[in-house]
J.: 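I have a structure here, written as structure tokens, and I will follow up with some questions on it.
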Amino acid sequence: MDLWGNATGEKGAAVKPLKWEQSFLRVAKVMLSMVLMLLAPPTVHAQNDTEPIVLEGKCLVVCDSNPSSDGAITSSLGISVRSGSAKVAFSAIRNTNHEPSEMSNRTMTIYFDQVLVNIGNHFDLASSAFVAPRKGIYSFSFHVVKVYNRQTIQVSLMQNNYPVISAFAGDQDVTREAASNGVLLHMERADKVHLRLDRGNLMGGWKYSTFSGFLVFPL
């Protein structure tokens with residue numbers, strides 16, 4: 001027998017292990033490999049640059065190798081954390097008739113005088129404009145009422161003072177008619193949206209007109 005407990009022959013040569021010993025060694029190696037795999041730390045697969053992870057519906061974590069300043073809290077590791085409960089929505093109406101001589105002659109902005117919903121407070125009633133708090137996809141719709149027949153109005157939804165969509169109301173036989181439209185927009189943080197009267201006038205009218213929007217999802 002040698003120093004390791006192996007049986008040896010007459011001249012000191014090691015005796016070849018039996019078949020059951022070989023099988024036992026193979027099983028032991030397999031079991032050892034399985035134990036090492038269980039003890040090894042799990043492999044972490046990285047998300048893509050903008051894929052969000054929602055944790056218990058309370059926190060939105062975005063892994064971004066090039067984080068931008070969009071109002072989120074960003075760590076030095078490029079992880080942006082936003083509150084999952086932070087929602088953005090507004091709905092404004094025209095509750096009274098008004099003689100909008102200043103609007104018609106100068107700014108052409110369609111103003112509203114009452115806010116029904118303003119979650120996040122990103123719609124400014126004084127300017128009747130919405131300012132995006134973060135980069136994302138937003139939904140907007142409007143419904144602007146003209147009062148007098150024998151006139152046509154054209155209303156445009158403006159993004160950063162550029163017309164994106166328009167709507168017309170021009171039936172000569174209808175006293176009250178609405179120009180309506182809706183759209184999804186890709187917006188950056190601080191982008192501004194408002195309504196502009198491009199044609200016709202709203203003198204003494206446009207009561208019951210509405211302007212609404214909300215954040216569909218952040219990017």
J.: L157 and L185: side chain to side chain contact (heavy atoms under 4.5 Å, CB included), yes or no, with the steps?
T.: CA-CA 11 Å; L157 185 141; L185 292 181; 3.9 Å; yes
J.: Does one hydrophobic cluster hold both I153 and M108, with members joined at side-chain heavy-atom distances below 4.5 Å?
T.: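 Yes, I153 connects to M108 through the hydrophobic network.
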J.: Any idea which heavy atoms bring A167 and S180 closest together, and the distance?
T.: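 The pair with the smallest heavy-atom distance is CB-O, 3.4 Å.
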J.: With a 4.5 Å cut-off on side-chain heavy atoms, are V216 and L184 touching?
T.: yes
J.: Checking side chain to side chain contact (heavy atoms under 4.5 Å, CB included) for the pair T210/Y208: CA distance, chi angles, key distance, verdict?
T.: CA-CA 6 Å; T210 64; Y208 308 123; over 6 Å; no
J.: In Å, rounded to the nearest 0.5 Å, how long is the span from CZ of R196 to CD1 of I110?
T.: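 Taking CZ in R196 and CD1 in I110, the distance rounds to 10.0 Å.
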J.: Distance-only, no hydrogens or angles: does the N160 side chain make a donor-acceptor pair with backbone N or O of K192 under 3.5 Å?
T.: yes
J.: Say whether, by atom type as modelled, one donor and one acceptor occur between the side chain of S209 and the main chain of R94 under 3.5 angstrom.
T.: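 Checked: no pair found.
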J.: Is I119 close to V117 at the side-chain level, that is, under 4.5 Å between some pair of heavy atoms?
T.: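 When only atoms from C-beta onward are counted, I119 and V117 do touch, with a gap below 4.5 Å.
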J.: Any heavy-atom pair between the side chains of V131 and R189 that's under 4.5 Å?
T.: no
J.: Assess the residue pair F217 and L219 against the criterion (side chain to side chain contact (heavy atoms under 4.5 Å, CB included)); give the C-alpha distance rounded to whole Å, side-chain angles, the decisive distance to 0.1 Å, and a yes or no.
T.: CA-CA 7 Å; F217 54 83; L219 295 175; 3.5 Å; yes
J.: Is the backbone N or O of V115 less than 3.5 Å from a side-chain atom of N118, with the two atoms forming a donor-acceptor pair by type?
T.: no
J.: Looking at side-chain heavy atoms only, is the closest gap between Q159 and D191 below 4.5 Å?
T.: yes
J.: Quick one: does N181's side chain have a donor or acceptor within less than 3.5 Å of a partner on S166's backbone?
T.: yes
J.: With distance as the sole criterion, is a donor-acceptor pair present between the side chains of S128 and H194 under 3.5 Å?
T.: no
J.: Evaluate side chain to side chain contact (heavy atoms under 4.5 Å, CB included) for H186 paired with K135, printing each intermediate quantity in order.
T.: CA-CA 8 Å; H186 181 290; K135 180 180 179 181; 3.9 Å; yes
J.: According to a 4.5 Å side-chain heavy-atom criterion applied to Ile, Leu, Val, Met, Phe, Trp and Tyr, with indirect links allowed, do L116 and F140 form part of one hydrophobic cluster?
T.: no
J.: Rounded to the nearest 0.5 Å, how far apart are OG of S156 and CZ of R199?
T.: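 Here the rounded value is 12.0 Å.
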J.: Out of the candidates F123, F211, Y138, only one should pair with F130 under the ring-ring contact (aromatic ring centres under 6.0 Å, His included) rule; please name it.
T.: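 One option only clears the test, and that one is Y138.
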J.: Please determine whether residues I165 and V155 belong to a single hydrophobic cluster, defined as Ile, Leu, Val, Met, Phe, Trp and Tyr linked transitively by side-chain heavy-atom distances below 4.5 Å.
T.: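 Per the 4.5 Å side-chain linkage, I165 and V155 are co-clustered.
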J.: Consider only side-chain heavy atoms of I, L, V, M, F, W and Y, link residues closer than 4.5 Å, and tell whether V183 and F142 are in one cluster.
T.: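 Yes.
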J.: How far apart are the closest heavy atoms of Y111 and S127, and which atoms are they?
T.: CE2-O, 4.0 Å
